[in-house]
Amino acid sequence: MATHTSAALATDDPVAGAGRHRSKVKDNGRLHRKEKRAGWLLVAPASLHIGIWVGLPLVVALILSFTRYDIPGKPSFRGVQNYVEAFGKEAFLKSIVNTFIMTGVAVPASMLIAVVLAVLLNMGLRGQSFFRVAIFMPHITATVAVAVVWLWIYNPDETGLLNKIIGTVGAGPISWLGGYDTAMPSVIAMLIWQGIGIKMLIYLAALQGLPLDVDEAAKIDGANAFQRFWHIKVPLLRPATFFVLVTSIIGSFQVFDQIFILTQGGPANATTVITYQIYLAAFEASRMGYASAMSMILFVFLIILAIVSRKVVGGTDAH
Amino acid sequence: MRVSRRALLAGAGALAGGALLGACSEDDGGAKAGSSSVAPGELTGEISVLNPGFATDDQKKVWDQMVAAFNKTAPNVKVTTDFTDYGKLNEKITTALAGNLVPDVLMTGVGWIPPFAYKGVYAEFDQALIEGRTYADRVLETCKFEDKLYAIPFTQDTRSLIGNKSLWDKAGITTPPKTFADFRDACKELTSGSGANKQWGFIINSSGSARQILATFLGANNGAMFSPDGKTPLFTSPECTEALQLLVDIIKDGSSSWDIKPAEGSPHPFLGGKFGISFCPSSAWPTWSEANAELLKPENSILFHAQNKRESTFLGGTMMSRSKTSKNAAAADEFIRIMTDTESIRMACESLNTVPPLQSALEASETLSGNRLIKEGLDGLQFASFEGGSAAWLEIRGQLDPILEEALILKTEVPVALEKAQKMAQDAIDQL
């Protein structure tokens, strides 16, 4: 808009200038509308996709959460009873606590390990391509396969890898997934291991996009490696950290396969999570209304956590 | 055209409502199954079967042979089988119900019949369908809801107790315990040592879930999980309290631990010779005899049943039901009739290593009659105990295990855990 005004002022004839200005504004308006239309057209497929496959199910889930919908029955309005029931059930409350513990431990731990690994693998070490692939492998391996391997690692008898290791010092065997106190840490350890790969990759990409001059200037000023990492790289990695944090929290809140295969939420609900409770309500008890209410509670938790993460990390703005 | 946010939401809501109503329409035209008068050779069309067994390729081949045998009688009926496993079965049925695409024939387990019969998913069978067949009363009981027949037994799984004879001899135990007190004492006597060399009296968590283990001992105490009409849970009954207390006491004595259980891919712990007593599933024969054939010989192990007020063995199994909304009910009924006859059951049980619900199938098979666990399982059907018995069972069972486990890992006292179970079950029943 500023250029249009300058063009009009540059002319000697104010009337002609005004006319040209009007015509240019008209042309630009038309162009602007065209651009707008093109913009809408470009985002239409994605919007349609999100609208149909995300928006609509969300609305349906919200509506269902206020109904009693026990398959194969018909939905009937139940008000907020599903929500009251959920918050009155010990198993669901336990699943919320477990999900928060799992997220609170697994996400920061895997992020920390991932950023350290990314820095190490960005230093031009020998064989770094191999290590990058090796660390990323768990992410692209099917969860079922990963869980089966971890089942063997955690085998409660002497054949389990962990029990073999502790057996060398005369300890064990321990029922890692069967013990009330050991089940949750065991699951968290697996989640950390599985989550490192993708986080490391994002941090690695972000590190490679950082301006070298700032780092070099700090080096000339006498900053050591840790100071440069902590005071330069970490702040500059803030957009990547925000992205990793939000996606990791969402991923951690949606953990299901691992729990389903490793522990089925047990023993005594020691490892049950919100998604597992939703599964039980929907596909064991066929109570879709109640399951939808729990899904909406999960959704609200994720929205709140995303907002809090943005406030804490500072969003996608590196500066 | 400008579309306001409110209009968009209203539209989405209407669409959702429409989708819901559409999904909920149902065909309620199910006639009493097994009452068709059409000759099998004249039956036509297609039937679909949801089958949670027959997981391996060899087992699928046997199933195909059974279907081929059916097609000799009804050549114009095309059978399509959807193979799944018990872990995914309920998920499959739920989505099928939501989409109004329920298979004509559903194969489900013990405990599933009352919920699905109550919900109107299963059609009632005419008794004529099983005319001339002799089933154990307890087996037929698992197929009924409100005294009506909704399923036909296909194959059974039983779980006896097995004792390691050499450990029994060392402990001076000569006969299987006949009361809970004797059982607890035997477990104590069979326990010795410590650390990695510990010999355990009983491996409680050796087969099945906590609720199935409780069902076995509850049956031995002449108790049940629900009242006969399935409307009142009986978890706080003296019979149930005593049964769970026995298991907890055995753990408190140090004769067992809930943490010890079979490991994925490893031989069953009982086969290592460090456990005096274990549960023994009837289907364990091939894997157990491969790992320790010696121990399975009658001179080295004792098969017996939990006992206090009566003998009790756990009963599971697969039965066949017909969907109430089947469009080809006559063909589905004929299919079920043939698939549950002696010859089909023999083939299925030989392939799956399961107990035939008909004595005639055992007599017709050398493989089955030569299998000690299956023979014992069939003998035990008369005093079988099973889980479920309420229309709300599918909601209750997933919540029951963690509550029972709280007691079994000694985090909660037995009466507290059972109070919790009672309330949870009653709430679920009240929701019906």
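Bear in mind the structure is a predicted one, so any value in this text is a computation, not a measurement. By convention in this document, chain letters (A, B, ...) are assigned in the order of the sequence lines, proteins followed by strands, and residues within each chain are numbered from 1.
- With a 6.0 Å radius and a threshold of 12 heavy atoms from other residues, nucleotides or ligands, B:E413 has its CD atom at or below the threshold.
- The choice from B:P115, B:G398, B:S266 that makes the most heavy-atom pairs within less than 4.5 Å of chain A is B:S266.
- In terms of heavy-atom proximity, A:A268 sits nearest to B:I409 at CB-CD1, 3.8 Å.
- Looking at B:L432, only its backbone comes within 4.5 Å of chain A, counting heavy atoms on both sides.
- In this structure a side-chain-to-backbone donor-acceptor pair under 3.5 Å is missing from B:K119 to A:G73.
- Neither the backbone nor the side chain of A:A281 comes within less than 4.5 Å of any heavy atom of chain B.
- Contact of B:T95 with chain A is made through the side chain alone, with heavy-atom distances under 4.5 Å.
- To the nearest 0.5 Å, atoms CG (A:N269) and CG (B:D401) are separated by 10.0 Å.
- Contacts between B:Q399 and chain A at a heavy-atom distance below 4.5 Å involve the side chain alone, from C-beta outward.
- Proximity to chain A is limited to the side chain of B:K420, based on heavy atoms less than 4.5 angstrom apart.
- Only the side chain of A:Y279 comes within less than 4.5 Å of a heavy atom in chain B; its backbone stays farther off.
- Ranked by heavy-atom pairs under 4.5 Å with chain B, the first of A:A91, A:G265, A:P156 is A:P156.
- Proximity to chain B is limited to the side chain of A:E85, based on heavy atoms less than 4.5 angstrom apart.
- Using a 4.5 Å cut-off between heavy atoms, A:L151 contacts chain B through its side chain alone, with no backbone atom that close.
- Salt-bridge annotation for A:K94 and B:E406: absent, with no side-chain N of the basic residue lying under 4.0 Å from a carboxylate O of the acidic one.
- In this structure, the portion of A:E90 lying under 4.5 Å from any heavy atom of chain B is its side chain and not its backbone.
- Checking side-chain atoms of B:R397 against main-chain N and O of A:E284 turns up no donor-acceptor pair under 3.5 Å.
- The CD1 atom of B:I93 sits 12.0 Å away from atom CD1 of A:I71, with the distance rounded to the nearest 0.5 Å.
- Of the two parts of B:K411, only the side chain, counted from C-beta on, holds a non-hydrogen atom closer than 4.5 Å to a non-hydrogen atom of chain A.
- Summarising the local packing, NZ of B:K198 is surrounded by more than 12 heavy atoms from other residues, nucleotides or ligands at distances under 6.0 Å.
- A distance of 12.0 Å separates CG of B:L97 from CG of A:D70, quoted to the nearest 0.5 Å.
- Between B:D259 and A:G179 the shortest heavy-atom distance is OD1-CA, 3.8 Å.
- In this structure, B:Y118 places its OH atom where only 12 or fewer heavy-atom neighbours from other residues, nucleotides or ligands lie under 6.0 Å away.
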